[in-house]
Protein chains: 2
Amino acid sequence: MSVSVQENQTKLDSFKAYVRKMKQYEEAIALIYWDMRTGAPKKGIETRSEVVGELSTEVFRMSTSDEMGAYLDYFIQPEQLDQLDSISRKMVLECKKEYDRSKKIPAEKYQAYVVLTSQAESMWEEAKHKSDWAMFQPYLEKIVATTKEFIELWGYEGNKYNTLLDMYEPGMTVDKLDQVFGALRDKVVPLLQRIQASPNQPDRAFLNQQFEISKQKQFSLSILKQMQYDFEAGRLDETVHPFATALNPGDVRITTRYLPNDITSALFGTIHEGGHALYEQNISKDLVGTNLCTGTSMGIHESQSRFWENVIGRSKAFWNRYYGELQSIFAGQIDDVDVDTFYRAINHIHPSLIRIEADELTYNFHIMIRYELEKGLINGTIEVADLPQAWNAKYEEYLGVVPSNDGEGVLQDVHWSGGAFGYFPSYSLGNMYAAQFNNTLRKELPNFDELVEAGNLVPIKEWLSDKIYQYGKLLTPNEIVKQVTGEELNPDYLVQYLEEKYKAVYGI
Amino acid sequence: MSVSVQENQTKLDSFKAYVRKMKQYEEAIALIYWDMRTGAPKKGIETRSEVVGELSTEVFRMSTSDEMGAYLDYFIQPEQLDQLDSISRKMVLECKKEYDRSKKIPAEKYQAYVVLTSQAESMWEEAKHKSDWAMFQPYLEKIVATTKEFIELWGYEGNKYNTLLDMYEPGMTVDKLDQVFGALRDKVVPLLQRIQASPNQPDRAFLNQQFEISKQKQFSLSILKQMQYDFEAGRLDETVHPFATALNPGDVRITTRYLPNDITSALFGTIHEGGHALYEQNISKDLVGTNLCTGTSMGIHESQSRFWENVIGRSKAFWNRYYGELQSIFAGQIDDVDVDTFYRAINHIHPSLIRIEADELTYNFHIMIRYELEKGLINGTIEVADLPQAWNAKYEEYLGVVPSNDGEGVLQDVHWSGGAFGYFPSYSLGNMYAAQFNNTLRKELPNFDELVEAGNLVPIKEWLSDKIYQYGKLLTPNEIVKQVTGEELNPDYLVQYLEEKYKAVYGI
């Protein structure tokens, strides 16, 4: 018996070393991508891409190897699985999920798909630039067809789209999403109408001036420090498209973009990426080197970027504390703008065409539109050829605006060119989770607003670390939400948050 | 027969793909090191080091695998080798050399040596800081003993030290080095005496002032551009210890260090690293992805950094062209210093204790000292315990200066703590090769000085690319020198260069 225990331990150690090696390769790949996006010289990119290809091939090979298969066959047996500690058990389950998913697609089909999406991304870029849907349509048709084929191979329960949702938000289903998006829409549509009808529209004229970039940088760094972003475990760089990347919890890097004539872009972009980064910096050290050492889902990740960006960063309490600092950094530029005016300006609600520029209320409509279109494509109720018209019709219906061309319409996002169907809902899930966590947090830290007004964000960051961040992927999104808030995802908290906040902002 | 040709080709392709994969891993490792030295957050270093360890282990495994062994056994047969194109043939020979070298050391002995040198490097750092030789001595004793043991396993021809020299300068021997260093010493010692006795010592007082770092940076960038350093295939960053690293010929990065009170440090450091970089940027595209895609030896590499730094960067013609630019960038600071005064100041010859701060003449004595000590250690004529005294005696003999403590004496360099015996001679070989290439170059481009004075460095860079850079490791150092200059390494050219230059500078 004790021999068998020892054998098991040896086997488990070797499984974990195997996974650790995969993670190490992934860390190298992530660093190469970071470098490519932050300043790698362009003439080295072609050779560097081959390096990424080689390392990625090796990770894929390891994740689907006979060696991995043998580990999984062994540890997935209930009598083995039950004996494992919680981390090892979840590691096995995650590897098994990925293994099965990969094994079901014939290698040559997957290879062809990688080539297809790579070509489609280049084509999309040009098509968007030229506003030329016809250029992109044949590629998207092939991508949709292949995705449907893959779903048949992967299998599905209920709606075919569930299989795609599950890739980004484990456990999420069309039934659930239809319900929460429906509830959200029913409440937010009338709120938006009242906001638009309000005579109390914010004054935003003062935002339209030049803000020196070195000063924007100074303020961004100061806010990140206040948020408890750990600069000994990260760094801030500049890129055209801001992002956060976690190499390991001791090295979580973010980027931002400074626009000379728009102070809000870098400011809220930095806080947003800082929120993603706080999550990754505070994952338990016990998970380092495992496949659980990352955020549990795209939706929960986005809840943290949006919690910090919107719930905190666009709150009155936050600006009661930091507006003076902003005024003194930009001395002479916003001296005669009071904090209330500033607060209302950065919380301006305005239906628009472009998702990434949308406010925190109308953003959800941009997502619902994409969700409904994706669902239709995958279930065959919408044809790719009909997408531009369907897109425009939905924009008119939900937001009352119509794109003047496909570049600012159906071609605006990169996601579909890469085959990332099922991803978009994460953004709205993030908003909903953020509001739901916020509701609990305020009960458990009743002096929340005072803490923010005092510039003491430490207890908030510690609460989030304790309740969410430390677990990484050890808990599912649903387990996290239930454990923290006592209930499953509930869109009412977002509705309540938006109503309270925007009734005040618009004096409704 | 045609089947066999095809089989050979397939085998060769697969051998080359195998080598390419090793190179790709090495490129990832090199990027990680670059990142660690230029700004990786410190809390991520521990995990990142494990990533490097994993990737390095894989490269070592591949270089000594049975698969590699089988390729080499096959292609090393004369009837195969003779049929190969020159690149493939040299690839096989290089892999074979590394394979044999690695295979001769038992894995556990090598592992113990890696641990030893890693500990020794930490210990050296502390010992140097504290000037405490006794702390370091036992580590160095073990390193020397292990190195001697390895030499017995590797084998040697003639002097045991030859095996170490060959690692950095293939084909170099003690006989040859004794001869060239002897010739150099015989001529340079009297020259140094005359320089020191000259009443015409350069005025250096004006160098002792504050030079704004942003302006130093501006000038460094400008000079790199003039040198034809390709910024689309590289970048310049700042580190405490400047270095150049070639990830691939399209991505060759350099770093420099700006000191507020010393304009020469960044200036000549940048040109030096720029010289290393030009070499790597201009290696033939045909060698990308092979083990020949790097400089052929440490000595030839150093010849290029030193050619650009000293032969060009400290020449009168160069400053006739660029001194005006320097004056205008530092307007008001060196207005009343004429170009001749500046030129003499940056060519000040002065025996000193610290190698890395030495001028281009006395530098060679620092190297001869280390070479003689290393040779003695390896051949058992000097004991580690006697090193400090031997060091001080040689400094007094060669340079007329004596360290006041071991920190600025025997402990000053990191090399021995890493076991890098045989490396130091490369620096002086670089000086000798540079002068020898310079002699040929001036014959083939008789308007050399006019080109430099006109700021037209393009033909010089093209000559060097054509004659040296493009070949990478395809030719040995000796083949390069003979092909370019028509003769083997000859120290007379350095003597002649130093005599001509410094007789003028010192009005001898």
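Values below: every heavy atom of this structure, side chains too, minus hydrogens, waters and symmetry copies. For clarity, every value in this text was computed on a predicted model and none was experimentally measured. A note on names: the letters A, B, ... follow the listed sequences, proteins ahead of strands, and every chain is numbered from 1.
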Open item on the list: Would you say that more than 12 heavy atoms from the other residues, nucleotides or ligands in this model lie under 6.0 Å from the CG of B:Asp66, or not?
Closed with: no

Open item on the list: For the interface with chain B, which of A:Gly289, A:Gly53, A:Gly39 has the highest count of heavy-atom pairs at distances below 4.5 Å?
Closed with: A:Gly39

Open item on the list: Tell me whether B:Phe60 at atom CZ has more than 12 heavy atoms from other residues, nucleotides or ligands lying less than 6.0 Å away.
Closed with: yes

Open item on the list: Do the side chains of B:Asp35 and A:Arg253 get close enough for a salt bridge, i.e. N-O under 4.0 angstrom?
Closed with: yes

Task: B:Glu238 atom CD: more than 12 heavy-atom contacts under 6.0 Å - done: yes

Task: Proximal component of B:Thr57, with respect to chain A [non-hydrogen, under 4.5 Å] - done: neither

TODO: Inspect the surroundings of NZ in A:Lys16 and state if more than 12 heavy atoms from other residues, nucleotides or ligands are less than 6.0 Å away.
DONE: yes

Open item on the list: Test your reading of the model: is there a side-chain donor-acceptor pair from A:Asn248 to the backbone of B:Gly44, 3.5 Å cut-off?
Closed with: yes

- [ ] Heavy-atom distances under 4.5 Å only: say whether B:Glu58 touches chain A with side chain, backbone, both or neither.
- [x] side chain

Task: Residue pair A:Gly234 / B:Pro41: nearest heavy atoms and the distance that separates them - done: N-CB, 3.2 Å

Open item on the list: Can you confirm whether B:Tyr99 is buried at OH, in the sense that more than 12 heavy atoms of other residues, nucleotides or ligands lie under 6.0 Å from that atom?
Closed with: yes

Open item on the list: For A:Asp251, is there an ion pair with B:Lys43 - N to carboxylate O distance below 4.0 angstrom?
Closed with: no

Open item on the list: As an exercise: rank A:Arg235, A:Gln281, A:Lys21, A:Glu232 by heavy-atom pairs under 4.5 Å with chain B and give me the winner.
Closed with: A:Glu232

TODO: Please check if atom CD in A:Gln119 has more than 12 non-hydrogen atoms from other residues, nucleotides or ligands closer than 6.0 Å.
DONE: yes

Task: Residue pair B:Tyr25 / A:Leu55, side-chain heavy-atom distance below 4.5 Å - done: yes

- [ ] Please check if atom OH in B:Tyr110 has more than 12 non-hydrogen atoms from other residues, nucleotides or ligands closer than 6.0 Å.
- [x] no

- [ ] Select, from B:Ile45, B:Ile29, B:Asp230, B:Val52, the one with the greatest count of heavy-atom pairs under 4.5 Å involving chain A.
- [x] B:Asp230

TODO: Please look at A:Ile32 and chain B and tell me whether the side chain, the backbone, both or neither of the residue comes under 4.5 angstrom of a heavy atom of that chain.
DONE: both

- [ ] Considering only NZ, NE, NH1 and NH2 on the basic side and carboxylate oxygens on the acidic side, decide whether A:Arg20 and B:Glu50 come within less than 4.0 Å.
- [x] yes

